[in-house]
Peer 1: 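Okay, here's the structure, questions in a sec.
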Amino acid sequence: MKVLVCISHVPDTTSKINFTSDNKEFDKNGVQFVINPYDEFGLTRAIWLKEKQGATVTAINVGKAETEPTLRKALAIGADDAIRIDADATDGFYVAQQIAAVAKENNYDLIIAGRESIDYNGGQVAGMLAALLNQPFVNACVGLEVEGSNATLMREIDGGKETLTASLPLVIGGQKGLVEEKDLRIPNMRGIMSARTKPLAVKPATDGASRVQVGSFEKPAPKSAVTMVEADNMDELVKLLHEEAKVI
Amino acid sequence: MSVLVYLENWEGKFKKNTFEAAQYAAKTAEMMGTSVIGVTFGTISDDAAELGKYGVSKVLNLSGDDYNSFDNYKIAAALKEVAAAQNCDTLIVSGTFNGKAVAPLYSVMAEAGMITNVTELPSSVAPLTVKRSVFSSKGFVNYSTEASSKVIVFIPNAVGVVAGSGSAEMTESNVSLGDLPQTNVTNVDRVQGKIPLPEAERVISGGRGLKGPENWSMVEELAELMNAGTACSKPVADMGWRPHNEHVGQTGIAINPELYVAIGISGAIQHLAGVSNSKTIVVINSDAEAPFFKAADYGIVGDAFEVVPKFIEALKKFKA
């Protein structure tokens with residue numbers, strides 16, 4: 001079984017988000033980058049498939065050289081090899097086209113992407129990739145078992161969960177539930193050392209269109225000052241919620 | 001060219017999400033100077049005429065074996081066929097779990113420019129320009145698309161709904177789907193009697209300050225009194241005190257209710273990222289230095305085990 005795990009290179013969840021002075025771009029200054037948390041659950045699930053069912057795991061990323069440490073981390077966690085497509089990840093459709101081109105050459109049995117990345121929150125790549133490859137798609141996937149060429153999956157739905165079956169090859173948009181938080185792996189020294197020598201192929205981008213244009217960024221409007229209410233005066237809170245905030 | 005809207009139903013029933021999508025589409029169509037057509041799938045038990053109150057007067061219903069359970073490819077392909085047959089160039093989808101599964105498939109099939117995570121009505125229709133949230137609501141940006149076909153996915157509760165007058169007529173319709181990749185639903189497990197978080201107008205949320213899962217009854221009582229959904233912080237879900245589908249925050253569910261009440265949650269940046277779009281935020285915390293107070297509209301410094309029962313009493317008095 002060949003598994004491809006899509007890795008997005010994103011600011012750490014604790015990052016303060018700033019934009020460049022012309023508001024045209026995200027300001028990367030002083031920002032720590034990590035594997036997109038949604039992708040990390042998928043990566044760990046893929047490594048379980050490797051350990052328990054003999055799968056090979058390839059990590060892929062669309063990005064310039066600065067994203068390589070993130071791919072190396074995926075290798076240190078346990079991916080067998082990695083591919084970096086040397087292009088800026090301009091939008092979801094562009095990224096999906098790039099990964100689809102690699103997938104078409106390599107016939108993966110399973111492609112795991114995150115349901116969204118925590119930077120642009122597009123939630124587009126996994127589904128677009130499935131459609132470009134004409135393979136079954138399960139989004140917000142919280143459970144995956146593979147037996148032969150059949151998969152049993154679970155996905156989150158509004159107010160519950162749904163169980164599905166599908167045949168490989170298939171594409172999922174993963175999230176927590178594929179594995180739990182406690183199952184995530186911190187690379188150990190041996191992993192980090194071996195990651196240095198694992199193959200990381202750099203491929204040129206293929207032609208791909210982008211269908212959206214990005215305008216100016218802005219930060220959320222600052223919150224007005226908090227109104228403190230005394231702990232023994234909950235009647236006042238109810239009154240404020242009713243009369244001032246008008247939410248009850 | 002008209003606007004098409006995916007009108008989701010849950011076991012035949014429409015919900016606020018459906019009406020919000022209808023209204024978003026109707027208002028977009030009005031800006032474009034064109035008409036709107038709704039599509040809904042499967043057997044409908046609700047009165048489709050209701051959709052007219054939100055500006056959609058023409059609704060097509062596609063039913064039959066293909067739509068008895070949810071299949072993202074079938075819905076996406078059907079929407080594409082309907083869009084072509086009805087001359088629609090813009091599709092509006094609510095960002096529910098199903099909507100988010102369908103839209104990217106549709107965008108590839110229909111070669112549509114796709115804009116997701118949208119927080120407002122379009123600011124312009126030539127080219128189509130809308131504001132969307134990025135970096136888990138730590139920023140916003142206008143996206144536009146000049147593609148001839150377009151799909152917009154808005155965040156549930158982002159624009160809200162106001163019922164007007166009007167009525168809708170629903171007619172049966174059918175399209176040919178062709179060969180599509182398949183998934184088969186074998187089981188649907190929906191929690192009964194609870195308000196799903198993405199659509200909840202009010203949300204009561206608990207954190208580690210509540211000390212243990214056995215103390216959630218007061219959160220649930222408060223939620224019931226306010227007709228609210230229940231949520232929790234990440235550590236609470238990770239410790240297994242509450243199910244993962246209640247985790248709100250950067251890597252959980254992002255919500256934007258009218259009211260968010262945070263009990264015993266300190267307000268780490270990752271948590272704020274998922275809830276800061278709430279219109280009104282109430283924070284109850286024993287630590288006066290908790291960072292959450294800076295993001296709150298109303299703050300109460302006190303022991304949750306004393307404050308929440310008093311809050312419940314005050315609400316009961318107010319409702320009586």
Peer 1: For a 4.5 angstrom cut-off between non-hydrogen side-chain atoms, does B:Ser136 reach B:Gln250?
Peer 2: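 The answer is yes; the side chains approach within 4.5 Å.
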Peer 1: If you draw a 6.0 Å radius around CD in A:Glu230, do more than 12 non-hydrogen atoms from other residues or ligands fall strictly inside?
Peer 2: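 At most 12 heavy atoms, drawn from other residues, nucleotides or ligands, come within 6.0 Å of this atom.
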Peer 1: Do B:Thr230 and B:Glu246 meet the criterion of a side-chain donor-acceptor pair at a distance under 3.5 Å?
Peer 2: yes
Peer 1: Which atoms of A:Glu116 come close to chain B, meaning under 4.5 Å heavy atom to heavy atom: side chain ones, backbone ones, both, or neither?
Peer 2: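 Side chain of A:Glu116 only, per the 4.5 Å heavy-atom cut-off to chain B.
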Peer 1: At a heavy-atom distance under 4.5 Å, which candidate from B:Phe311, B:Tyr298, B:Tyr143 has the highest pair count against chain A?
Peer 2: B:Tyr298
Peer 1: Between A:Val5 and A:Val3, does a side-chain contact (heavy atoms from CB on, under 4.5 Å) hold up when you go through it step by step?
Peer 2: CA-CA 6 Å; A:Val5 182; A:Val3 183; 4.2 Å; yes
Peer 1: When you check the side-chain N and O atoms of A:Asp88 and A:Thr90, is any donor under 3.5 Å from an acceptor?
Peer 2: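 There is no such pair between these side chains.
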Peer 1: Select one option (side chain, backbone, both, neither) describing which atoms of B:Lys317 are under 4.5 Å from chain A's heavy atoms.
Peer 2: side chain
Peer 1: Under 3.5 Å, is there a donor-acceptor pair linking the side chains of A:Arg155 and B:Asn72?
Peer 2: no
Peer 1: Tell me, side chain or backbone of B:Gln182 under 4.5 Å from chain A's heavy atoms, or both, or neither?
Peer 2: backbone
Peer 1: Is it the backbone or the side chain of B:Ser148 that comes under 4.5 Å from a heavy atom of chain A, or both, or neither?
Peer 2: neither
Peer 1: Assess whether a salt bridge exists between A:Arg185 and A:Glu40, defined as any Lys/Arg side-chain N lying under 4.0 Å from an Asp/Glu carboxylate O.
Peer 2: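 No, no charged N to carboxylate O under 4.0 Å.
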Peer 1: Select, from B:Asp71, B:Thr145, B:Asp238, B:Asn117, the one with the greatest count of heavy-atom pairs under 4.5 Å involving chain A.
Peer 2: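 Option with the top pair count is B:Asp238.
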Peer 1: For A:Gln124, is it the side chain, the backbone, both, or neither that has a heavy atom closer than 4.5 Å to a heavy atom of chain B?
Peer 2: both
Peer 1: Please look at A:Asn18 and chain B and tell me whether the side chain, the backbone, both or neither of the residue comes under 4.5 angstrom of a heavy atom of that chain.
Peer 2: neither
Peer 1: Counting heavy-atom pairs under 4.5 Å to chain A, which of B:Ile195, B:Val153, B:Leu259 comes out on top?
Peer 2: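 Most pairs with chain A among the choices: B:Leu259.
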Peer 1: What part of B:Glu111 gets within 4.5 angstrom of chain A, counting heavy atoms only: side chain, backbone, both, or neither?
Peer 2: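 It is both, since atoms from each part get that close.
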Peer 1: Using a 4.5 angstrom heavy-atom cutoff, name the option from B:Ala314, B:Pro196, B:Ala254, B:Gly95 with the most pairs to chain A.
Peer 2: B:Ala314
Peer 1: Under 4.5 Å from any heavy atom of chain B, what part of A:Ser216 do you find: side chain, backbone, both or neither?
Peer 2: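 Looking at A:Ser216, just its backbone touches chain B.
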Peer 1: Looking at B:Met109, B:Lys150, B:Lys15, B:Glu146, which has the largest count of heavy-atom pairs under 4.5 Å with chain A?
Peer 2: B:Glu146
Peer 1: Does the side chain of A:Thr67 come under 3.5 Å of the side chain of A:Asn61 through a donor N or O and an acceptor N or O?
Peer 2: yes
Peer 1: State whether a side-chain donor-acceptor pair under 3.5 Å links A:Lys161 with B:Asn245.
Peer 2: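 Their side chains do not contain a donor-acceptor pair, so the 3.5 Å distance test is not met.
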Peer 1: Side chain from CB out, backbone as N, CA, C, O: work out which of these in A:Pro11 comes under 4.5 Å of a heavy atom of chain B, or both, or neither.
Peer 2: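 Just its side chain gets close to chain B.
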Peer 1: Which bit of A:Phe137 is near chain B, if near means a heavy-atom gap under 4.5 Å: side chain, backbone, both or neither?
Peer 2: both
Peer 1: Side chain, backbone, both or neither: which part of A:Leu129 has a non-hydrogen atom closer than 4.5 Å to chain B?
Peer 2: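 Neither; nothing under 4.5 Å.
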Peer 1: For the ring pair B:Phe135 and A:Tyr120, is the centre-to-centre distance below 6.0 Å?
Peer 2: yes
Peer 1: Taking every heavy-atom pair that is under 4.5 Å apart, which of B:Ser107, B:Pro198, B:Ala76, B:Gly302 has the most such pairs with chain A?
Peer 2: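 Ranked by heavy-atom pairs under 4.5 Å with chain A, first place is B:Ser107.
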Peer 1: Do the side-chain N and O atoms of B:Thr280 and B:Asp297 include a donor-acceptor pair separated by under 3.5 angstrom?
Peer 2: no
Peer 1: Identify which part of A:Leu237 has an atom lying under 4.5 Å from any heavy atom of chain B, answering side chain, backbone, both or neither.
Peer 2: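 For A:Leu237, side-chain heavy atoms alone lie under 4.5 Å from chain B.
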Peer 1: Between A:Phe41 and chain B, with a heavy-atom cut-off of 4.5 Å, which part of the residue counts as in contact: side chain, backbone, both or neither?
Peer 2: neither
